[in-house]
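Encoded as structure tokens, the structure appears first; notes follow it.
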Amino acid sequence: MKKLIALAFALVASVGFAAEFPDISIADLKQAIADKKVTVIDVNGAASYKAGHVPGAIDFASNGDKLASVLPADKNALVVAYCGGPACSAYKAAANAANKLGYTNVKHLSAGISGWKAAKESLEK
């Protein structure tokens, strides 16, 4: 019985942790970019960023230590972090940093740059 309770607790805890930053779809992110209502953070590293990133994205590798100065003044503004793709969790560094700065609308593009490219979306270099 103790093992069953421990397993149930672990499942609930992992589900809660996974939902910490809600996902945003490529379509919704594209619309937010078009509407100029989002700050996007790329967490793939400087080389990947230079090779191509989501239009308007901030390079976390170059701006992580001064993130507060590159994010909007409005703490309710949409902030989206992404990394390589669905199996990558590097986005959490930027999402957690934004969250610690007081941003309340932080989301995750779980498709990542690989999903963005697979959807044949434009890249900025």
Side-chain angles (χ1 to χ4, degrees):
M1 184 66 169
K2 286 182 182 179
K3 286 183 182 179
L4 185 59
I5 292 171
L7 178 62
F9 180 78
L11 269 173
V12 169
S14 68
V15 168
F17 183 74
E20 186 176 346
F21 298 105
D23 193 29
I24 187 169
S25 68
I26 290 173
D28 288 345
L29 179 56
K30 275 184 62 179
Q31 188 62 54
I33 292 169
D35 294 343
K36 299 182 185 327
K37 294 185 175 182
V38 63
T39 300
V40 183
I41 307 171
D42 179 304
V43 190
N44 289 309
S48 173
Y49 182 84
K50 286 179 185 174
H53 53 271
V54 171
I58 295 165
D59 178 18
F60 187 66
S62 300
N63 293 288
D65 58 341
K66 57 183 177 188
L67 195 60
S69 67
V70 296
L71 290 178
D74 179 5
K75 301 290 184 174
N76 295 313
L78 177 60
V79 176
V80 174
Y82 72 90
C83 50
C88 180
S89 63
Y91 81 93
K92 290 180 184 178
N96 283 324
N99 192 256
K100 285 179 185 172
L101 288 169
Y103 290 86
T104 59
N105 191 13
V106 180
K107 295 190 178 181
H108 172 218
L109 177 67
S110 64
I113 195 66
S114 63
W116 188 265
K117 289 176 182 177
K120 299 189 184 335
E121 297 300 341
S122 64
L123 295 173
E124 186 175 84
K125 292 185 180 184

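In this chain, numbering begins with 1 at the start of the sequence shown. For the numbers below, each heavy atom of this structure counts, side chains included, while hydrogens, waters and symmetry mates do not.
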- Which pair of heavy atoms, one from Tyr91 and one from Val43, lies closest together, and at what distance? CA-CG2, 3.9 Å

- Under 4.5 Å between any side-chain heavy atoms of Phe21 and Asn96, yes or no? yes

- Roughly how far apart are Ser122 OG and His53 NE2, rounded to 0.5 Å? 10.0 Å

- Kindly compute the distance separating NE2 (His108) from SG (Cys83), expressed to the nearest 0.5 Å. 5.0 Å

- Note on the structure: The reported gap from CG in Asn76 to OG1 in Thr104 (rounded to nearest 0.5 angstrom) is 4.0 Å

- Message: Restricting to non-hydrogen atoms, name the atom on Ala77 and the atom on Pro72 that form the minimum distance, rounded to 0.1 Å.
- Response: CB-CG, 3.6 Å

- Do other residues, nucleotides or ligands put more than 12 heavy atoms under 6.0 Å from the NZ atom of Lys37? no

- Item | pair Leu71-Ile41: side-chain heavy atoms closer than 4.5 Å | yes

- Item | Under 3.5 Å donor-acceptor, Tyr49 side chain and Ala57 backbone | yes

- Query: Given a cutoff of under 4.5 Å between side-chain heavy atoms of I, L, V, M, F, W and Y, with clusters grown through shared members, what are the other residues clustered with Leu109?
  - Reply: Ile24, Ile26, Leu29, Ile33, Val38, Val40, Val54, Leu78, Val80, Tyr82, Ile113, Trp116, Leu123

- Message: Could you check whether any side-chain N or O of Asn99 sits under 3.5 Å from a backbone N or O of Ala95, counting only pairs where one atom can act as donor and the other as acceptor?
- Response: no

- Heavy-atom pair of closest approach, residues Ser114 and Pro86: OG-CD, 4.3 Å

- Message: Test your reading of the model: is there a side-chain donor-acceptor pair from Asp42 to the backbone of Asp59, 3.5 Å cut-off?
- Response: no

- Task: Output yes when a side-chain donor or acceptor of Lys107 lies under 3.5 Å from a complementary backbone atom of Ser25, and no otherwise.
- Result: no

- Any idea which heavy atoms bring Val79 and Ala98 closest together, and the distance? CG1-CB, 4.2 Å

